[in-house]
Number of protein chains: 2
Amino acid sequence: MPSSTKPATRTEIVELADQLIRLKGFNAFSYADIAGIMDVRNAAIHYHFPSKADLGISVIGEELKRVAAGRQDWAHLPGDEQIKRIMQGFFDKSRKGMICLTGSLTPDYETFSPEMQHKLVEMCEAILDWVAYCLEKGREERTLHFHGRARDRALLVLSAMLSSLLLSRVLGNNVFDRMMDQLLKDLGTSPAKWVEKSPDWLL
Amino acid sequence: MPSSTKPATRTEIVELADQLIRLKGFNAFSYADIAGIMDVRNAAIHYHFPSKADLGISVIGEELKRVAAGRQDWAHLPGDEQIKRIMQGFFDKSRKGMICLTGSLTPDYETFSPEMQHKLVEMCEAILDWVAYCLEKGREERTLHFHGRARDRALLVLSAMLSSLLLSRVLGNNVFDRMMDQLLKDLGTSPAKWVEKSPDWLL
DNA sequence: GTCTATACCTTGATAGAC
DNA sequence: GTCTATCAAGGTATAGAC
């Protein structure tokens with residue numbers, strides 16, 4: 001199956017929804033936005049995703065898959081390196097004026113259906129689990145240094161990554177670099193160099 | 001003018017809009033929500049705020065006033081104490097299931113009118129200015145300890161406060177306490193004790 | 001699987017009487 | 001300053017033909 005194959009409609013819808021959520025937020029995009037880009041009718045989208053919540057849940061589901069894949073593929077890497085690669089993914093998003101799903105969806109939490117709320121909880125916990133795992137791994141490898149439980153530290157790291165995207169869009173791109181520099185220094189590791197064109201990384 | 005005086009309609013509208021933004025987000029609340037609570041008609045709200053952007057700008061304007069007032073009223077306090085009082089305001093919000101305006105509005109930035117975008121930038125910068133000022137003051141007073149520029153550190157502090165509200169709602173209230181404990185420890189100061197019923201503090 | 005067509009609701013907003 | 005009445009636009013969603 002060549003990688004140039006046009007993705008199945010269903011897949012394309014989810015990808016577009018993901019982008020729109022990261023640009024405008026879940027409550028601000030519509031089926032018409034997606035239909036317009038794909039040049040199909042409104043109803044075609046509803047065939048694949050009867051309700052908007054179904055679509056939202058699928059978008060989150062894909063993110064969960066990416067997290068699982070990232071954990072597997074990078075399992076051999078040191079903890080600090082994994083953290084930096086996760087950050088690189090955030091860098092990519094920041095240059096596209098996009099924010100992460102956590103930063104986009106958690107503010108709207110109260111407006112979601114119970115099923116979607118539950119899926120969002122799942123996603124946040126999966127990401128935190130991974131970050132905590134990387135931090136603990138790095139601490140054992142003596143390349144990362146911090147006090148307290150890795151799980152609590154993961155909250156601060158995720159928080160900084162998430163906010164760096166929110167604030168970059170409003171205050172300018174250098175916010176991302178300044179925040180990540182500070183964050184890595186806090187963790188006692190060397191600053192990272194962000195690459196402009198990276199193969200569209202995680203999260 | 002007794003404090004029991006019913007606030008002017010205009011003021012009440014802005015207060016309700018503020019609450020709704022913190023609960024559901026700017027794009028998810030409607031004039032009808034406010035009209036319903038106040039038991040007036042839709043058009044009455046439009047009389048005071050012709051467009052929704054006008055209302056949003058007023059809500060942000062009030063936040064700017066609160067920041068200015070906070071800086072003035074607490075100017076005599078040590079930097080670390082000011083930081084803790086700002087955090088107490090966030091604690092209050094967290095117990096009401098609310099998030100801060102920065103956390104609610106920045107994700108929807110791209111959907112706002114240019115005027116509202118500009119006002120939001122103004123707000124973020126005012127808050128960052130204040131936090132940076134407190135941090136620098138605390139460093140000079142030798143009660144706060146951190147490396148790097150106060151302005152960059154302020155980004156991390158605001159980021160943690162903002163995210164603690166986003167994540168508390170999704171993952172449970174103890175997230176707030178765990179994050180603030182870590183954050184204060186990072187700044188080399190003693191943990192704070194949050195008071196359940198505080199006189200509805202800032203931000 | 002996609003289309004046409006449409007139902008139904010909510011939204012932000014306006015005009016004009018009181 | 002608030003009301004009634006109304007509007008156009010856009011939202012989610014469904015039915016049924018192809």
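Numbers restart at 1 for each chain; the letters A, B, ... are given by sequence-line order, proteins then strands. This is a predicted model, so every value here is computed, not measured.
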For B:Lys137, is there an ion pair with B:Glu141 - N to carboxylate O distance below 4.0 angstrom?
yes
State whether A:Thr9 places a side-chain N or O below 4.0 Å from either non-bridging phosphate oxygen (OP1 or OP2) of C:dG1.
no
Rounding to a whole Å, what distance do you find between B:Ile34:CD1 and C:dT10:P?
17 Å
B:Phe26 vs B:Phe112 aromatic rings, parallel, tilted or perpendicular, using cut-offs 30° and 60°?
perpendicular
Given the side-chain rings of B:Phe90 and B:Phe176, with only the six-membered ring counted for Trp, is the space between their centroids under 6.0 Å?
no
Using a 4.0 Å heavy-atom cut-off, write out nucleotides 3-18 of chain D from 5' to 3' as B (base contacted by protein), S (sugar-phosphate only) or - (no contact).
BB------SBBBB---
Selection residues 88-104 of chain A - residue pairs positive for salt bridge (Lys or Arg N to Asp or Glu O under 4.0 Å), sequence neighbours left out
A:Lys93-A:Asp200, A:Arg95-A:Asp177, A:Lys96-A:Asp200
Partners passing side chain to side chain contact (heavy atoms under 4.5 Å, CB included) against B:Thr102 (at least two apart in sequence or in another chain)
A:Leu167, B:Cys100, B:Thr106, B:Met123, B:Cys124, B:Ile127, B:Leu162
